[in-house]
Protein chains: 2
Amino acid sequence: MVQHEIPSRDETPPRTGARRRLAPEARTPQILEAAFAEFAERGYAGARMAGVATRAGIAKGLIYHYFPSKSALFLATFRAATGPAFEAAERRIFVTGGPVRAMLADLIGVAYARLREAERERALFRLMVAEADRFPELARFYREEVLSRAAGLVHAMLHAGVASGEFRPEVAEMPCLAEAVMAPAVAGSVWRLILGKDDAPDLAALQAAHLDLLLAGLAVRQAPAR
Amino acid sequence: MVQHEIPSRDETPPRTGARRRLAPEARTPQILEAAFAEFAERGYAGARMAGVATRAGIAKGLIYHYFPSKSALFLATFRAATGPAFEAAERRIFVTGGPVRAMLADLIGVAYARLREAERERALFRLMVAEADRFPELARFYREEVLSRAAGLVHAMLHAGVASGEFRPEVAEMPCLAEAVMAPAVAGSVWRLILGKDDAPDLAALQAAHLDLLLAGLAVRQAPAR
DNA sequence: TTGCGTATTGACCATACGGTCAATAGCATG
DNA sequence: CATGCTATTGACCGTATGGTCAATACGCAA
């Protein structure tokens, strides 16, 4: 009713913000994307719902039309950002023929390549470290979907190397060896998280050292030094 | 003046909270301790000044008598919690005689022992990962006081091993080799941060695998397999 | 063109939090 | 016991934030 009194053509009076109706299937990922940026930059506690809304170019209230609370949005963001991370690597690895040590080198190369780019994964990793004990689902996800799968991949490769005679037989049965094998990549990722791209140890050099140390450590020895 | 009207013996009326005056030298570390607990548990953004006050058993306002702001308290907390971390290890290492590989094993054992206990250091590490880009001082500290010193220690040891003929000559000059050598301990620490004591890879097993892989990777080979 | 379902807004609320400050009381000194 | 310094309190403030809701207008279907 009031609005009848102000039919002026200028934008000010009721100032209905440009409103573009979107289907939920289109709006949801948009919000999730904005939320990811906000959470990645500020952490869970520091993130503001208004910030998410601004990034998405919508009103804050609309978020609550799609997600019931901040924590729900956080979990949803995390699940969404957590796409099929390993399928590609898993598929790729075992098609490469040749000596197992070359396959292992290839696998490690893929891992470092991801670390080098993959801004997204790094932000996700930071969130896991920072919020894991407040959101157990993050920890569960990392254990089941990241660490276990990566370790499984490496473990299979170690077995293959032993079978082919390239690696020392002991490496097939040593517990946590797979974790030790991939640890330098994880550490490199963490260092880069803390120190930033410019101050962290150079990933290429780390990869080279890692690979050298690793292959020398796994290989059968002509005459076991005692 | 008003209090003259209510000289009742019961605790309620003016209810001056039990007030114990403390010298600043005694109060300051108390506040810092409480702040550390609060920041460690909630992160910077999630921590509340009132929470710090409660933990310290004081009024919130008193904190501002000692620290001008939340961020100043955070930095001070960090500096205080960051005591002489490496002196002991550095002093200890080079007195041990014997083969360099035994010294290296000893060094690594010390590192894992710290990781296993050292709840404090782990919380500090989490804060670094979570807040490093908002507080550059944390990153600077980690680089200069932790990573550089640890890498220097390892690097010196690698040189010694080459000099004594135990290690392959190449290891003395490979960039980032020191970082690769100590990486599994770092990764183990991160895994324990994310997954907790019970779900993380077992530190003892990781240490054993790490050491085995490392010493095999560094040792001179009887006949270099090509 | 009309009508309807709902995506979207913006104003609003209660609260929580960082920070301030005048008043107060513990303690050392004389 | 009186005095002064300051450590300590608790009430207070402005703001920012998570969350709510009635009103609104977009776009589809009839």
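Order of the sequence lines fixes the chain letters, A, B, ..., with proteins taken first and strands second; residue numbering starts at 1 for each chain. Fair warning: this is a prediction, and the values are worked out from it, not measured in the lab. What you see below is based on every heavy atom in this structure, not just the backbone, and it leaves out hydrogens, waters and symmetry mates.
- Note on A:R20: every side-chain N or O is 4.0 Å or more away from OP1 and OP2 of D:dG27.
- Remark: A:R27 is in phosphate contact with C:dT8, judged by side-chain N or O atoms under 4.0 Å from OP1 or OP2.
- The side chain of A:R48 places an N or O atom within less than 4.0 Å of a non-bridging phosphate oxygen (OP1 or OP2) of D:dT17.
- Closest of all the heavy-atom pairs between A:R122 and A:L115 is NH2-O, 2.9 Å.
- Counting heavy atoms from C-beta on, the side chains of B:R134 and A:R42 come closer than 4.5 Å.
- Here D:dG10 presents its C1' atom at 16 Å from CE of B:M49, a figure rounded to the nearest Å.
- Outside the 6.0 Å centre-distance limit, the rings of A:F36 and A:F78 are not counted as a close aromatic pair.
- The minimum heavy-atom distance between B:A209 and A:A180, with the atom names listed, is CB-CB, 4.1 Å.
- For DNA chain C, the residues of residues 60-71 of chain A within the heavy-atom distance limit of 4.0 Å (strictly under) are A:G61, A:L62, A:H65, A:Y66, sorted by number.
- For the pair A:I58 CD1 and C:dG10 P, the interatomic distance rounds to 12 Å; values are reported in whole Å.
- A donor atom on one side chain and an acceptor atom on the other are not found under 3.5 Å apart for A:Q30 and A:R55.
- A 4.5 Å side-chain heavy-atom check between B:E179 and A:H210 finds every atom pair outside the cut-off.
- Contact annotation for A:A47: backbone-only contact, meaning every heavy-atom pair under 4.0 Å involves sugar-phosphate atoms and none involves a base.
- Taking only side-chain atoms of A:P24, from C-beta outward, the nucleotide of C:dG10, D:dT6, C:dA7 with the closest atom is C:dA7.
- Spacing between atom CZ of B:R21 and atom P of C:dG26 amounts to 10 Å, rounded to whole angstrom units.
- Distance CD (A:E38) to P (D:dA16): 15 Å, rounded to an integer number of Å.
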